[in-house]
Amino acid sequence: MTRRPARTWWGQRFLAALEGCTDAGRLQRGRGYAGPSRILAFAIDETGVSATVRGNVNPYFGVYEEPRYETRIELTPIPPAGWDQAIAYLGERAGFVAQLLMGEMPDDIEAAFADLRLALLPSSRRDFRLTDCSCPDYANPCKHIAGVYYRLAAELDQDPFLLFELRGLPRERLLEGLGRTPLGRALVGLIAEEDGPVEPADAFFTRPLPAPATPDYATFWSGHRRLPTDLAPASPAAVPALLIKKGGDYPPFWDRDGSFLALMEELYLRVRSGGRRPR
């Protein structure tokens, strides 16, 4: 089954950025070349994307057997000094650090890079170091390259960190750099505390244990002593719904178009409001 490209906002903005700096009509033609029946091989390495795309038989041009075209896409990397500046800038903002450490793409990440006069998403042809295809089409992008663009947008839906890697910053260096900032050190410790060991259970249900003696029901309901009246209010979680947010908007088990996080937020709001739809 062909995955629908660009379900997340960052995948959609990636395609919107491409439409702004390439021929939008040719880019749309590539939608039919994004599926597994067309893209026979697809690989992402440290510098770009390589793919083998199945072409069409065209006797008019003397093509009597299905051709295989080799495509290559490389984004212009951000210089190391620019990445050092970006990590320092992002590391000063708790929202960016928390979301990136949990594998989420912050909504305003583009604005942060714009403040530094850098670009994470492509905004012009200069942001592509190489777009090449072995097909005879002189135009660039051809429909084969456009198909690889859509496939890449689908991959970005699953892993937004590919944007950083295609721009020259490995995922490990990004997380290590953010983890060394004061905010990053605090959040890394918090996230590590939430990840407890998984212990297997010997049954699906709790096994009842015999009571050691006849229970004292009066003590059970009233207690040995009264609860203190000056309890400090519970502090809210530093990162609410941490376990759910770790999976992102589209975790591997989620095959719908809508965001899993948005659905869970609405569910909890309904539970809190007694089943009424939140306004």
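Contact between Pro122 and Phe128 at its shortest, heavy atoms only, is CB-CE1, 3.7 Å. Residues Ser37 and Leu40 share a closest heavy-atom pair of O-CD2, 3.9 Å. Closest approach of Gly82 and Leu118 over heavy atoms only: O-CD1, 3.6 Å. A pairwise comparison of heavy atoms in Gln99 and Met105 identifies NE2-O, 4.2 Å as the closest pair.
Under the 3.5 Å distance criterion, the side-chain polar atoms of Arg72 are left unmatched by any main-chain donor or acceptor of Asp132. Side chain of Arg151 to main chain of Gly147: no donor-acceptor pair is present (N/O by atom type, distance under 3.5 Å, no hydrogens or angles). At distances below 3.5 Å, not a single donor-acceptor pair connects side-chain atoms of Asp108 with backbone N or O atoms of Ala111. The closest donor-acceptor contact from the side chain of Trp254 to the backbone of Leu261 lies at 3.5 Å or more, if one exists at all. No side-chain donor-acceptor contact under 3.5 Å links Thr47 to the backbone of Leu166.
In this structure, Tyr150 has its ring center no closer than 6.0 Å to that of Tyr33.
Using modelled atom types and a 3.5 Å distance limit, the side chains of Thr131 and Arg125 yield a donor-acceptor pair.
Taking the ring centre of Phe205 as origin, the terminal cationic atom of Arg207 falls outside the region bounded by 6.0 Å and 45° from the ring axis.
Counting heavy atoms from C-beta outward, Glu155 and Leu162 have side chains that approach closer than 4.5 Å. In this structure, the side chains of Leu75 and Asp127 stay at 4.5 Å or more apart for every pair of heavy atoms.
Annotation: Glu65, atom CD; neighbour count of heavy atoms from other residues, nucleotides and ligands within 6.0 Å does not exceed 12.
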**Item:** Working for salt bridge (charged side-chain N to carboxylate O under 4.0 Å, His left out), residues Asp84 and Arg173
**Value:** CA-CA 10 Å; Asp84 292 340; Arg173 187 189 166 199; 2.5 Å; yes
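By the 30° and 60° cut-offs, the orientation of the rings of Phe260 relative to Phe253 is perpendicular. Aromatic ring orientation, Phe14 versus Tyr149: perpendicular (interplanar angle above 60°, classes split at 30° and 60°).
Residue Thr52 forms a side chain to side chain donor-acceptor pair (under 3.5 Å) with just one option from His144, Glu70, Arg38, and that option is Glu70.
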